Amino acid sequence: MNHKIKKVFVLDDDDKTNLVLAKVLQGSGYTVKIFNQLSQIQSALKAEVPDAFIVDPHSHDAGSSEFLLFRQNDQVFKKIPLIGFTEKISREEIVKMLSLGVHDYLIKPLNAKLILSILKKYLASDEHKHYLFENEEDAIGSIELHFTRVSETNIVGESPVKLTDDEDGLYRIVSRELEDRDVSSTSLSLSKNTTFVSQEGLFRAYFRWRGLSEAVLQLIRSGRF
Amino acid sequence: MAPVKKTIFHIDDDIEILKLVKSVFEKRLSVNYQGFETVEAFLHAIKNKQPDLCIIDLNLTESLGAGFAVTKAIRNKAEGKMPIIVMSKRSHAKDISLALEFGASDFLAKPVDFDLLIEKVMYLLRGAESNMFPVHRIKKPVKGTLEVHLKPVMLDEAYLYVSSKFFVLKNTTIDLQHTLLTKIFGEPKKEFLVHDCQLESHEGQYILKLIPKNPKDDYFDKIHRYLLEQT
C-alpha cells in the first residue's frame, strides 16, 4: 500500500511539552515537526502541507495568535484540523479560539491517550477526502507492448492489456520501430481473434495487417522481419 | 471433403447443465462436444487430445473454486492457443478478474444464456482458425506503445481511480497524461502502477486503482493540497 504517513505541525514555545508530545506522536506513527516561532512554521508551510496542527494559543512568544489569523485567511490551511493545546482557559477564550477555526482543544498537562484519539478522529475523516471527476476529458495511458510473432496476415502484440474488440478511438498503437520497417502503426486493426494469456503472463493480441508493401511481405515470408 | 468438426470439452459438476449444453450444441453447432463431471476425467481427456475450446465451471465436485486451478493448468499446458470460456454462477468482479488472470479468454455468468454462449463459442472458434499463414517468431521483439483511453473517476489521498474498457494486469506501468496532472504536479505526464483492476459489473467497465510509481517526497503533499483546495 502507498498510504502516506500523517504529518503533524506543532507550534508552541514550551520545549518540555514539545519533547513529550513529539515522542508520543512519533510512537504512534506520525511525523512531527516542532516550531517555536511563527516565521519557522510559515516557511515550512511553503514546502509542505501537514495533516494537522497542534497549537498553544497562549504561546505569545511563538506568535500563535498571529498564526491562527494567518491560517484562518488561507484557503488551504484553514481546512486542516487544528487542535488547541493550552493551560487552563476561560469560557470567553474558548469561544474566541473556536471562532478562529480551532477544531478542538486540550488542557495541559499532556494526556497521551486523549490527544491520540482526538487526532485519530480528525484524520480519519481526512482520509475520506476525495475529488470526483465530472465530465473531464479522458486521460491517455501509455503502456508498453512488444510485437513477438508475425505472419502474412497478422502480427502478434503482447501487453498487460486484454484488448477485447476493435472499437474505434479507445486505443491506438504507436511504434517507431514498426515505422522504421516501413510499416505504419495505423495499418493495424485487432483481428477477430480474442486475446490469450501468453506464458510470460501477458495478453496476446492478434492484429490484422491492412495493406503491406511487397517488400515487407517478402521480409515476413523469409522470416527476416 | 467435409470440414473437420471442432472439439469442445466442458467441465461442470452439474450433470443437468452438461446435458443441456450438449443438446443445445448438437442442435445449433456442428461440433464434437464432451462433458465431464470430474477434474480427473477432464484432465485425462485433455492429456489424450487437446480440444479446440474448453468451457470450465469454477465450483467443481472436488472443491469450490477448483475451476481456477484447472483454468491455470490448462492455460499453462496449451499456452495461448486454446480458447477457454469460464462459465460459472460465481460472477463477482473478483472472480471474473481472477479467471481472466489465470488465462480464461472469456467469462459467462450462469444461468446460461445459450444465445450468448453460442455466439462466444463461434467467435472464439473462428478466431482459432483465422490465421492460416505460417507464423514466424520475431527474433528481436519490436517495441511499441499501446495508448489506451482512461476515464478519470476519483482521486483520493491513496489512489487515482480511472475506468477502462479493458482489463489491465496488476503492477502494469502506465505513463498517464491528463490536464489534472499539470494542475497538481506542474507536469502533464506521470508514471503510475496498477494496484488493482476490478470489473464494474453494471457498467461493463474496469476500475483501475493507480498508485504513483517511484513517488517523490512531495507527491502526497501535492495531492493533499489539491484535495484541500477542492473540498
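Here is the naming used below: chain letters follow the sequence lines, and residue numbers restart at 1 for every chain. Keep in mind that what you see is a predicted model, and the values were worked out from it rather than measured.
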Under 4.5 Å heavy-atom distance to chain A, tell me which part of [X] shows up: side chain, backbone, both or neither.
{"X": "B/Thr145", "answer": "both"}
{"X": "B/Tyr226", "answer": "side chain"}
{"X": "B/Thr179", "answer": "both"}
{"X": "B/Lys170", "answer": "neither"}
{"X": "B/Leu160", "answer": "side chain"}

Subject >> side-chain hydrogen bond (donor to acceptor under 3.5 Å, both in side chains) involving A/Ser184 - partner list, sequence neighbours excluded >> reply: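 So A/Ser184 forms a side-chain hydrogen bond (donor to acceptor under 3.5 Å, both in side chains) with A/Thr186.
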
Find the one option among [options] whose heavy-atom pairs under 4.5 Å with chain B are most numerous.
{"options": "A/Glu137, A/Arg181, A/Glu134, A/Glu144", "answer": "A/Glu137"}
{"options": "A/Gly223, A/Gly157, A/Ser142", "answer": "A/Ser142"}
{"options": "A/Lys78, A/Arg172, A/Gln75", "answer": "A/Arg172"}
{"options": "A/Leu178, A/Asp180, A/Val76, A/Thr148", "answer": "A/Thr148"}

May I ask you to name which of [options] has the most heavy-atom pairs under 4.5 Å with chain A?
{"options": "B/Leu208, B/Asp175, B/Thr172, B/Leu227", "answer": "B/Asp175"}
{"options": "B/Gln230, B/Lys151, B/Lys143", "answer": "B/Lys143"}
{"options": "B/Val168, B/Leu210, B/Val148", "answer": "B/Val148"}
{"options": "B/Leu155, B/Thr173, B/Leu181", "answer": "B/Leu155"}
{"options": "B/Leu180, B/Asn171, B/Val162, B/Asp218", "answer": "B/Leu180"}

With ring centroids as reference points, do [X] and [Y] lie under 6.0 angstrom apart?
{"X": "A/Phe35", "Y": "A/Phe9", "result": "yes"}
{"X": "B/Tyr161", "Y": "A/Phe133", "result": "no"}
{"X": "B/Tyr159", "Y": "B/His195", "result": "yes"}
{"X": "A/Tyr122", "Y": "A/His103", "result": "yes"}

Original post:
Will you find, in the side chains of B/Asp156 and A/His130, an N or O donor that is under 3.5 Å from an N or O acceptor?
Top reply: no

Subject >> Region of A/Arg221 in contact with chain B, defined by heavy-atom distances below 4.5 Å >> reply: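 The answer is the backbone of A/Arg221.
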
Salt bridge present between [X] and [Y] (N-O < 4.0 angstrom):
{"X": "B/Asp221", "Y": "A/Lys7", "result": "yes"}
{"X": "B/Lys120", "Y": "B/Asp106", "result": "yes"}
{"X": "A/Lys33", "Y": "A/Glu48", "result": "yes"}

Original post:
Got a sec, which residues hit salt bridge (charged side-chain N to carboxylate O under 4.0 Å, His left out) with A/Arg176, two or more places apart in sequence or on another chain?
Top reply: none

